[in-house]
Amino acid sequence: MIEPTHMSSKSNNDDERGPGRDNERGVATKTRPKTKKPSQYRVLLLNDDYTPMEFVVGLLMGVFKKTQEEATKIMLDVHQNGIGVCGIYTFEVAETKVAQVLDAAKRGDHPLKCTLEKA
Ligand code: TYC
């Protein structure tokens, strides 16, 4: 068995830039970090003459995590003005909440409509 008797101060995998820079080969990775914020979307509730007020309040609490007081305020705002904002979310979250509202309305046989718009 032959044992190594000497190691040079330059380690075996040091490149031509010398020691301590062994992770700097290949594609540059120190590019600017992406800092773009995701676009936000308003979820809008539309008034109608048939959906019960309690049903709308329940949805605002269940889907949009509003308190009973917040939910009642939003529901009355929609009832009086024809349209109102339930919340502002990224696209995927907004889209999911709209689908949950429309699905619940359909299952309850209510004509409640809900949509989203870019904030
Ligand atoms: N206008 C409905 C009623 O009087 C209540 C209602 C509120 C319906 C908000 C829809 O998005 C709505 N029963």
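Just the heavy atoms: all of them, side chains too, but no hydrogens, waters or symmetry mates, feed the values below. Order of appearance sets the numbers: ligands from 1, and atoms from 1 within every ligand.
Atoms of ligand 1 lying under 4.0 Å from at least one heavy atom of Leu112, given by number and element, are 10 (C), 11 (O), 12 (C). Counting the atoms of ligand 1 from 1 in the order shown, those under 4.0 Å from a heavy atom of Leu45 are 11 (O). Taking every heavy atom of Val78 and a limit of under 4.0 angstrom, the matching atoms of ligand 1 come to 9 (C), 11 (O), 12 (C).
Phe64 and Leu102 fall within a single hydrophobic cluster, where Ile, Leu, Val, Met, Phe, Trp and Tyr are joined by side-chain heavy atoms under 4.5 Å apart, directly or via other members. Put simply, Val85 and Ile74 are part of two different groups of oily side chains (I, L, V, M, F, W, Y) that touch within less than 4.5 Å, one to the next.
Across Val78, Ile83, Asp77, a single residue satisfies side chain to side chain contact (heavy atoms under 4.5 Å, CB included) together with Asn81, and that is Asp77.
With hydrogens left out, the protein atom closest to atom 2 (C) of ligand 1 is Asp48 O, 3.2 Å, a heavy atom. Atom 3 (C) of ligand 1 has its closest protein heavy atom at Thr51 O, 3.6 Å. For atom 11 (O) of ligand 1, the closest heavy atom belonging to the protein is Leu46 O, 2.8 Å. Regarding atom 8 (C) of ligand 1, its nearest protein heavy-atom neighbour is Asn47 OD1, 3.4 Å. Here the protein heavy atom with the shortest distance to atom 4 (O) of ligand 1 is His79 CE1, 3.1 Å.
Lys118 places no side-chain N or O within 3.5 Å of a backbone atom of Ser39 that could act as its donor or acceptor partner.
Counting non-hydrogen atoms of neighbouring residues, nucleotides and ligands closer than 6.0 angstrom, the CD atom of Gln68 reaches no more than 12 such neighbours.
In this structure, the separation between CG on Asp109 and CZ on Phe55 is 10.0 Å, given to the nearest 0.5 Å.
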